[in-house]
There are 2 protein chains.
Amino acid sequence: MRAKHGLGQPWWHGKFRGCGYRITLGREVILDILAKADTHLSAEDIYIKAHAQYPNIGLTTIYRTLDILANLGLIYKFDFGDGRARYELTKGPKGTHHHHLICTGCNRVIDYTDFIDEEVELLRQTEKGLAKKYNFKIINHLIQFYGLCNKCSVKR
Amino acid sequence: MRAKHGLGQPWWHGKFRGCGYRITLGREVILDILAKADTHLSAEDIYIKAHAQYPNIGLTTIYRTLDILANLGLIYKFDFGDGRARYELTKGPKGTHHHHLICTGCNRVIDYTDFIDEEVELLRQTEKGLAKKYNFKIINHLIQFYGLCNKCSVKR
DNA sequence: CTCCTTATTGAAAATGATTTTCATTACCAT
DNA sequence: ATGGTAATGAAAATCATTTTCAATAAGGAG
Ligand SMILES: [Mn+2]
Ligand SMILES: [Mn+2]
Ligand SMILES: [Zn+2]
Ligand SMILES: [Zn+2]
């Protein structure tokens, strides 16, 4: 059940090598952690996990690798307002693009992928309209809903 | 043509006092700057402008005031990825809620309010669906499209 | 497999935005 | 006008992220 492509090469090796980057132990560890994660990890979260498997890795390498991954479009970098960036594999285990519900009470973040059918279509149309009107080439979008989760809305 | 409410009181004095906050010269200056701004200002941008009218004001006061304003919902705080927070009056001169087009090439941010008719309606429906499904009380949303502006897409 | 070039790395120092501390000042209800 | 207390500025402290630099290790060539 290993997620490999081709001849036992992890899926990302290709894109990585193609851009002139070397495959290193540290980078493998980091991508492994991201692939297994089911939450939005911060650089330090990743550092702590990585350090367990590979005690020599430095936090600097985490930052540098995350930067490359974000530029390659393999991960998303988010700001949920808690003062540190959080990262998530573009195509996670769930594999699908998703949006976020963010609780301003407890900072919980809920992923949601169950878009209404029309939502996807409308997004396409909106992007098309904006692209033409502003002569802007849309590559990606960020959609987040802020509010109170079930627990937090009770407290108030 | 002054934007006043009641007996010559700026519109925000009410809400401000109602929450136990005092009206100070520094705060007036800051809100004035935000009200006149047609771009997304950083704390330091505001500090520089404020300093011109009120040389004694400290950067600390800017941060503290912005924090209050954001909590009161009078301003939005954004992260456009350039390492500093940027702020915008919730109800600007334009008065309307808007979304952003962000150029990843030059960091230009375009406001857009010209929603497709269906966009507003769909957003309402989506929010309703999410609210029920996740038992989440939606208060606000953030929608940003990333891509390349006309100038930057030519260069590539 | 060995060598060599060069990307990568870790540690430590630097940076830079935002916060905290604390003594002083100034709102504003009475 | 006065007093209680929120607000303020300067300086120091935080803290996530970046930079520096000498040491190390991918990985292509031979
Ligand atoms: Mn997510
Ligand atoms: Mn805007
Ligand atoms: Zn919550
Ligand atoms: Zn641009």
Side-chain angles (χ1 to χ4, degrees), chain A residues 7-10 12-31 40-48 50-72 75 77-87 107, chain B residues 7-10 12-31 33 40-72 75 77-87 107:
Chain A
L7 311 81
Q9 297 285 304
W12 53 276
H13 280 200
K15 188 163 215 171
F16 231 70
R17 284 223 178 75
C19 294
Y21 294 115
R22 294 178 181 176
I23 310 296
T24 68
L25 219 182
R27 289 173 178 176
E28 306 236 48
V29 171
I30 293 170
L31 269 138
H40 307 87
L41 300 168
S42 67
E44 195 178 6
D45 290 339
I46 296 172
Y47 173 64
I48 291 172
H51 198 267
Q53 309 173 40
Y54 183 15
N56 265 11
I57 201 168
L59 182 52
T60 312
T61 295
I62 310 291
Y63 277 109
R64 283 191 282 229
T65 301
L66 289 171
D67 202 48
I68 291 172
L69 292 173
N71 284 329
L72 290 181
I75 61 175
K77 179 179 184 179
F78 291 110
D79 167 40
F80 292 138
D82 65 342
R84 62 197 62 200
R86 296 189 169 270
Y87 304 84
N107 285 313
Chain B
L7 310 80
Q9 298 285 303
W12 53 276
H13 280 199
K15 188 164 217 173
F16 231 70
R17 284 223 177 74
C19 294
Y21 294 116
R22 294 178 181 175
I23 310 296
T24 68
L25 218 181
R27 290 174 176 174
E28 306 234 49
V29 171
I30 292 170
L31 269 139
I33 289 169
H40 305 89
L41 301 167
S42 67
E44 195 177 5
D45 290 338
I46 296 171
Y47 173 64
I48 292 170
K49 287 174 185 286
H51 198 268
Q53 307 176 39
Y54 182 17
N56 265 10
I57 200 167
L59 181 53
T60 312
T61 295
I62 310 291
Y63 277 109
R64 283 192 281 231
T65 301
L66 288 172
D67 201 48
I68 291 171
L69 292 173
N71 285 328
L72 290 181
I75 62 176
K77 179 180 183 177
F78 291 109
D79 167 39
F80 292 138
D82 65 342
R84 62 197 63 199
R86 296 190 168 271
Y87 305 83
N107 286 313

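Numbers restart at 1 for each chain; the letters A, B, ... are given by sequence-line order, proteins then strands. Please read all numbers here as calculations on a predicted model, not as lab measurements.
At dA7(D), one or more side-chain N or O atoms of R27(B) fall inside 4.0 Å of OP1 or OP2 (strictly under the cut-off). Between R22(B) and the phosphate of dA29(C), there is no side-chain N or O to OP1/OP2 separation shorter than 4.0 Å.
Between K49(B) and L41(B) the shortest side-chain heavy-atom distance falls below 4.5 Å. Proximity of I23(A) to E28(A): side-chain heavy atoms (C-beta onward) are separated by under 4.5 Å at one or more points. Looking at F16(A) and I68(A), their side chains come closer than 4.5 Å, going by heavy atoms from C-beta outward.
Nucleotides of DNA chain D nearest to G20(B) and I57(B) differ in position, and the one nearer the 5' end is that of G20(B). Comparing R64(B) and T24(B) against DNA chain C, the residue whose closest nucleotide sits nearer the 5' end is R64(B).
The ring pair (Phe, Tyr, Trp, His ring centres under 6.0 Å) search around Y63(A) returns none, not counting sequence neighbours. In this view, Y47(B) and H51(B) satisfy the ring pair (Phe, Tyr, Trp, His ring centres under 6.0 Å) rule, not counting sequence neighbours.
In this structure, the CG atom of D79(A) is 13 Å from the C1' atom of dA17(C), given to the nearest Å. The interatomic distance linking E28(B) (CD) with dT8(D) (C1') rounds to 15 Å, in whole Å. For the pair R17(B) CZ and dA6(D) P, the computed distance is 16 Å after rounding to whole Å. Between I46(B) atom CD1 and dA17(C) atom C1' there is a gap of 14 Å when expressed in whole angstrom units. Per the geometry, CG belonging to L66(B) stands 15 Å off C1' belonging to dA7(D), to the nearest Å. Rounded to whole Å, the distance from CG on N56(A) to P on dT24(D) is 11 Å. Distance L31(A) CG to dT8(C) C1': 15 Å, rounded to the nearest Å. With rounding to whole Å, Y47(B) atom OH is found 14 Å from dA17(C) atom P.
Nucleic acid contact class of T60(A) (heavy atoms, under 4.0 Å, all strands): base. At a threshold of 4.0 angstrom between heavy atoms, the contacts of I23(A) are confined to the sugar-phosphate backbone, with no base atom among them.
Counting non-hydrogen atoms of other residues, nucleotides and ligands closer than 6.0 Å to CD of E44(A) gives a total of 12 or fewer.
Listed nucleotides dT8(C), dT20(D), dA7(D) differ in distance to Y21(A); the shortest reach to its side chain belongs to dT8(C).
Between D45(A) and H40(A), the shortest heavy-atom distance links the atoms OD2-O, 4.2 Å.
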For nucleotides 13-17 of chain D, which of its nitrogen or oxygen atoms have a protein nitrogen or oxygen under 3.5 Å away, and what is each distance?
unit_1  : atom_1 : unit_2 : atom_2 : d
dA16(D) : OP1    : R84(A) : NH2    : 2.7
dT17(D) : OP1    : A85(A) : N      : 2.9
dT17(D) : OP2    : Y63(A) : OH     : 2.5
dT17(D) : O5'    : Y63(A) : OH     : 3.4

